[in-house]
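All figures in this text were calculated on a predicted structure; none of them were measured in a lab.
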Amino acid sequence: MVTEMTRAGLDCASPRTVLLPVVGHCEQVVRSRCALRAELAGYCPGLPAARSPGPLGSCFGEVGVAINILTFLDPYSLTRISMCCSQFRSVSEHPTTDAIWMLFYENRYFINPKFARQEALLRPYQIYGCLETLSISGKWHVRGLASQGPGGEPFSPYKYEYYQHFHQGRRHHLSADFSGEVEFISPAESVGEEAFSVHGKVDGNCLVMHESIRSKDDPTGMIAVNICSAVVSLDGQCMAGVWTQHAPSREGVLGAGVSSGTFEARRCVDST
């Protein structure tokens with residue numbers, strides 16, 4: 001079209017002079033496509049609704065073609081379109097698309113045997129949906145076991161429990177930062193000499209947490225550092241993991257190991 005206008009002597013025409021005919025042509029194309037879409041969707045009296053193949057059936061014909069198109073969409077776009085079009089949702093939930101959904105979370109979904117039974121029947125698109133909305137914010141009841149002390153030294157395993165409060169930030173690409181604090185169950189423990197500061201990151205359904213233990217009398221004095229790793233159930237109600245405790249180090253790195261153990265946590269019923 002621009003070539004035809006050039007031949008008509010519009011080589012030196014202003015951008016507005018050239019643009020208006022192009023815009024007018026585009027508007028005609030859009031109107032033509034809308035009319036065709038209306039016919040195919042069954043809204044035109046000339047085509048009975050019962051014979052309407054629908055937008056996906058008209059454009060793609062076969063599920064395989066639609067699935068190939070899905071591979072170019074990010075999960076956010078795929079989800080938004082599925083909310084607007086039931087046929088598109090049917091294609092996105094087709095078993096053939098399982099591999100596509102698995103690519104969205106890849107190695108960011110971990111299976112813990114404790115939660116495997118309740119998650120075994122979930123399809124990949126459901127797993128991704130759970131990971132996208134997973135939050136650990138709230139109050140958790142933590143129970144654990146310190147099972148090992150410094151190598152070569154006598155150590156008596158012991159059990160412990162406390163409440164953990166998490167404050168998770170907004171998720172971005174299945175990841176989120178969080179902070180927290182510890183609430184002791186026993187009043188005697190809460191008036192002790194230790195104060196806990198918690199920071200960490202959730203990626204998929206796995207979290208890594210750095211827990212600083214400081215003296216209440218001297219906030220700058222570090223007593224110990226706990227490094228925790230845990231897997232969270234997809235329903236956001238349970239987590240289980242391991243931890244190691246290290247002596248403080250002035251060099252800013254972890255000192256010698258003091259103890260290690262395991263823990264499990266369950267979200268409190270009154271948690272918000």
Side-chain angles (χ1 to χ4, degrees), residues 67 70 75-76 78-79 82-83 89-148 157-178 180 182-183 185 198 200-211 226-244 259-272:
I67 291 176
L70 297 187
Y76 179 77
L78 203 159
T79 303
S82 297
M83 294 171 61
R89 182 168 62 251
S90 299
V91 174
S92 66
E93 296 176 0
H94 193 275
T96 314
T97 64
D98 286 354
I100 298 176
W101 287 103
M102 292 174 68
L103 287 175
F104 291 151
Y105 58 80
E106 292 185 301
N107 58 347
R108 304 167 83 172
Y109 168 53
F110 295 84
I111 300 176
N112 188 303
K114 299 178 183 296
F115 321 132
R117 178 174 297 181
Q118 66 191 57
E119 299 174 3
L121 299 180
L122 294 179
R123 292 273 307 285
Y125 77 90
Q126 295 173 313
I127 293 175
Y128 179 85
C130 292
L131 294 175
E132 184 68 40
T133 58
L134 183 62
S135 174
I136 62 172
S137 293
K139 182 178 180 180
W140 295 71
H141 188 184
V142 181
R143 293 184 175 91
L145 173 66
S147 55
Q148 186 175 356
Y158 63 90
K159 296 181 179 181
Y160 63 89
E161 63 177 317
Y162 59 87
Y163 293 120
Q164 179 82 60
H165 295 264
F166 289 119
H167 311 284
Q168 179 177 307
R170 184 176 181 180
R171 274 187 172 261
H172 180 67
H173 295 309
L174 303 185
S175 298
D177 297 326
F178 67 87
V182 172
E183 175 187 344
I185 296 178
V198 178
K201 188 179 188 68
V202 182
D203 188 64
N205 70 324
C206 180
L207 65 84
V208 177
M209 180 169 56
H210 179 279
E211 191 173 55
N226 293 339
I227 302 297
C228 310
S229 176
V231 173
V232 186
S233 62
L234 291 182
D235 61 3
Q237 298 299 312
C238 307
M239 69 173 70
V242 297
W243 58 268
T244 58
S259 60
S260 61
T262 59
F263 73 94
E264 295 183 20
R266 186 172 295 274
R267 188 186 294 272
C268 296
V269 178
D270 58 346
S271 175
T272 57

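Residue Cys228 holds its SG atom at 3.5 Å from CE of Met209, rounded to the nearest 0.5 Å. Between atom CH2 of residue Trp243 and atom OG of residue Ser260 there is a gap of 6.5 Å, rounded to the nearest 0.5 Å. Distance check, rounded to the nearest 0.5 Å: OG of Ser259 to OH of Tyr158 gives 5.0 Å. Distance CG/Leu134 to OG/Ser233: 7.5 Å, rounded to 0.5 Å. With rounding to the nearest 0.5 Å, the separation of CD in Gln126 from CD in Glu93 is 7.5 Å. Separating the CD atom in Gln164 from the CD atom in Glu183 is a distance of 10.5 Å, to the nearest 0.5 Å.
Residue Leu131 comes nearest to Gly204 through the heavy atom pair CD2-C, 3.8 Å, listed as atom of the first residue, atom of the second, then distance. Scanning all heavy atoms of the two residues, the minimum distance from Arg267 to Gly138 falls at NH1-CA, 4.1 Å. Closest approach of Phe263 and Ala230 over heavy atoms only: CZ-CB, 3.7 Å. Across all their heavy atoms, Ala176 and Gly169 have their closest contact at CB-O, 3.7 Å. Taking both residues in full, the closest heavy atoms of Ile111 and Ala116 are given as CG2-CB, 4.0 Å, listed atom of the first, atom of the second, then distance.
Here Ser82 pairs with Leu78, Phe88, Arg89, Ser92 under the side-chain contact (heavy atoms from CB on, under 4.5 Å) rule; sequence neighbours left out. Scored by the ring-ring contact (aromatic ring centres under 6.0 Å, His included) test, Tyr163 finds His141 as partners (sequence neighbours excluded). Residues passing the side-chain contact (heavy atoms from CB on, under 4.5 Å) test with Asp177 are Lys201, sequence neighbours excluded. For Phe104, the ring-ring contact (aromatic ring centres under 6.0 Å, His included) partners are Trp101, Tyr128, not counting sequence neighbours.
Every pair passing salt bridge (charged side-chain N to carboxylate O under 4.0 Å, His left out) that includes a residue from residues 100-113 is listed here, sequence neighbours excluded: Arg108-Asp203. Among residue pairs with one or both ends in residues 112-138, those qualifying as salt bridge (charged side-chain N to carboxylate O under 4.0 Å, His left out) are Asp98-Arg123, Lys114-Glu264; sequence neighbours excluded.
A distance-only check finds a donor-acceptor pair linking the side chain of Gln168 to the backbone of Ile136 [under 3.5 Å]. Arg171 places no side-chain N or O within donor-acceptor distance of the main-chain N or O of Val202, the cut-off being under 3.5 Å.
Applying side chain to side chain contact (heavy atoms under 4.5 Å, CB included) to Met239 and the options Val231, Leu207, Val142, Asn112 leaves one that passes, Leu207.
You'll find the side chain of Tyr105 reaches within 4.5 Å of the side chain of Pro124, heavy atoms only. Between Asp235 and Phe115 the shortest side-chain heavy-atom distance does not fall below 4.5 Å.
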Test Val198 against His210 for side-chain contact (heavy atoms from CB on, under 4.5 Å), laying out the working first. CA-CA 6 Å; Val198 178; His210 179 279; over 6 Å; no
Is there a side-chain contact (heavy atoms from CB on, under 4.5 Å) between Tyr125 and Thr97 once you walk through the steps? CA-CA 8 Å; Tyr125 77 90; Thr97 64; 5.9 Å; no
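By the 30° and 60° cut-offs, the orientation of the rings of Tyr162 relative to Tyr160 is parallel.
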